[in-house]
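The structure appears below as structure tokens.
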Amino acid sequence: MQLTWLGHSGFRLQTDAAVVLIDPWFTGNPALGDGTAEGTAAQAEAEAVAGVTHILLSHAHGDHAGDALRLSKDHDAPIVGMYDLMSHWAAREQVETIGFNKGGTVSLGDLSVTMVHATHSSSLAGPDGPLQAGAEAGYMLSAQGKTLYFAGDTDVMADMAVFEALHAPQIGILPIGGHFTMDGARAAFAARTYFNFSTLIPCHYKTFPFLAQDAAALKAGLPDPQIVREMDVMETITL
């Protein structure tokens with residue numbers, strides 16, 4: 001599997017038979033520049049969408065799902081995620097969706113995707129304020145003998161003990177920014193208490209000034225900080 005960080009919480013995951021964009025956010029993403037310099041959002045998007053087969057969403061907030069409808073229509077890629085939101089979009093937006101729910105598993109090419117619990121919120125912007133849009137989720141993604149846990153936006157949960165027992169992910173992607181999600185210290189607690197990661201990739205940080213700007217607290221809270229892999233925006237690694 002090849003993984004590319006798209007900035008914030010967005011990732012491109014490529015397997016032998018699938019190219020999945022996870023929570024892709026290009027429009028207005030500060031991590032991708034202002035559209036005037038090399039390596040900007042438009043260029044990042046062009047690289048990320050090459051060969052895309054699916055768009056996987058953890059929840060409906062704009063910094064995760066804001067580009068999903070446009071990308072789905074432009075590239076004929078089904079949106080995959082929480083049943084309630086997928087049903088709404090399929091009926092109103094004429095896009096192909098794959099809706100399921102927590103505990104369920106779908107196959108995207110050779111990638112097995114199981115939806116798991118997260119603790120956060122999920123809403124769409126409405127004329128009179130936020131509109132409830134299903135529920136937030138995380139995912140266990142398995143292919144080529146490896147399992148990756150994409151936590152989505154979440155805090156620490158005792159449920160994570162169940163995730164480890166059932167899925168034993170070797171790779172974790174955890175939010176560390178604080179304010180809207182757990183911070184680095186709490187993410188470190190989650191990792192050392194519930195998981196046995198060989199690779200831990202932080203996300204949902206460095207995007208805005210009020211989020212954490214580095215992974216120092218995450219590393220400081222781990223018995224082995226060498227498992228932390230801080231990716232550069234648009235960097236691709238092989239898992």
Side-chain angles (χ1 to χ4, degrees), residues 6 8-13 18-29 48-49 52-109 111-142 147-160 162-163 166-167 169 173-175 177 179-182 203-204:
L6 308 179
H8 198 55
S9 284
F11 291 87
R12 169 191 163 103
L13 183 65
V19 174
V20 180
L21 301 185
I22 306 170
D23 285 359
W25 176 40
F26 301 105
T27 306
N29 184 345
V49 300
V52 60
T53 59
H54 301 85
I55 299 164
L56 180 65
L57 299 182
S58 65
H59 64 293
H61 290 159
D63 57 332
H64 297 256
D67 286 320
L69 289 170
R70 176 179 63 81
L71 292 171
S72 177
K73 292 173 181 178
D74 287 351
H75 302 283
D76 197 25
I79 309 174
V80 184
M82 180 60 64
Y83 175 80
D84 311 71
L85 179 60
M86 297 303 103
S87 299
H88 174 76
W89 276 348
R92 303 209 173 196
E93 299 289 346
Q94 291 75 55
V95 292
E96 183 180 353
T97 64
I98 300 173
F100 64 131
N101 216 309
K102 295 174 184 178
T105 301
V106 298
S107 294
L108 308 181
L111 184 67
S112 175
V113 180
T114 300
M115 186 185 293
V116 297
H117 187 52
T119 178
H120 188 59
S121 63
S122 181
S123 61
L124 294 167
D128 300 311
L131 301 173
Q132 182 64 30
E136 63 280 9
Y139 294 102
M140 292 290 173
L141 303 107
S142 298
T147 297
L148 182 157
Y149 170 41
F150 177 76
D153 280 11
T154 192
D155 189 20
V156 185
M157 304 174 292
D159 304 59
M160 291 172 172
V162 177
F163 301 167
L166 285 173
H167 300 279
I173 300 178
L174 301 183
H179 195 86
F180 295 111
T181 71
M182 58 187 173
C203 71
H204 211 283

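Starting from 1, each residue takes its place in the sequence as its number.
- Remark: of the listed residues L148, L13, I22, L148 is the sole one forming a side chain to side chain contact (heavy atoms under 4.5 Å, CB included) with I173.
- Counting all heavy atoms, side chain and backbone alike, D63 lies closest to H8 at OD2-NE2, 2.7 Å.
- Between L174 and Y149 the shortest side-chain heavy-atom distance falls below 4.5 Å.
- A 4.5 Å side-chain heavy-atom check between F11 and C203 finds at least one atom pair inside the cut-off.
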Worked verdict on F100 versus M86 for side-chain contact (heavy atoms from CB on, under 4.5 Å): CA-CA 8 Å; F100 64 131; M86 297 303 103; over 6 Å; no

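- Partners of D84 under the side chain to side chain contact (heavy atoms under 4.5 Å, CB included) rule, at least two apart in sequence or in another chain, are M82, N101.
- The two residues S121 and E136 make their nearest non-hydrogen contact at CA-OE1, 3.5 Å.
- A donor-acceptor distance shorter than 3.5 angstrom exists from the side chain of W25 to the backbone of T27, with no hydrogens or angles considered.
- One N or O on the side chain of D23 and one on the backbone of S58 form a donor-acceptor pair closer than 3.5 Å.
- Using a distance-only test at 3.5 Å, with no hydrogens or angles considered, a donor-acceptor pair links the side chain of S87 to the main chain of Y83.
- At least one donor-acceptor pair under 3.5 Å links the side chain of T53 to the backbone N or O of V19.
- Put simply, the side chain of P169 does not reach to within 4.5 Å of the side chain of F163, judged on heavy atoms.
- Contact record, A48 with L21: O-CD2, 3.4 Å, taken as the closest heavy-atom pair.
- The side chain to side chain contact (heavy atoms under 4.5 Å, CB included) test applied to T181 returns D153, P175, H204, not counting sequence neighbours.
- You'll find the side chain of H61 reaches within 4.5 Å of the side chain of S123, heavy atoms only.
- Of the possible polar contacts, one joining the T154 side chain to the T119 backbone as a donor-acceptor pair under 3.5 Å is found.
- Nearest heavy atom pair, residue M160 against residue D155, reads CE-O, 3.7 Å.
- Counting only heavy atoms from C-beta outward, the side chains of I98 and H54 approach each other to under 4.5 Å.
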Test side-chain contact (heavy atoms from CB on, under 4.5 Å) applied to D159 and V116, step by step: CA-CA 9 Å; D159 304 59; V116 297; over 6 Å; no

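- Atom CZ of F26 sits about 7.0 Å away from atom CG of D67, to the nearest 0.5 Å.
- Between H64 and L57 there is no side-chain heavy-atom pair separated by less than 4.5 Å.
- At a threshold of 4.5 Å between non-hydrogen side-chain atoms, the residues V113 and V80 do not count as touching.
- The closest donor-acceptor contact from the side chain of H59 to the backbone of A133 lies at 3.5 Å or more, if one exists at all.
- Looking at S72, its side chain does come within 3.5 Å of a backbone N or O of A77 through a donor-acceptor pair.
- Rounding to the nearest 0.5 Å gives a distance of 5.5 Å between CG of L124 and CG of L85.
- The shortest distance between side-chain heavy atoms of L141 and L56 falls below 4.5 Å.
- Closest heavy-atom contact between A151 and A118: O-CB, 4.0 Å.
- Here the closest heavy-atom approach between residue L69 and residue V95 is recorded as CD2-CG2, 3.9 Å.
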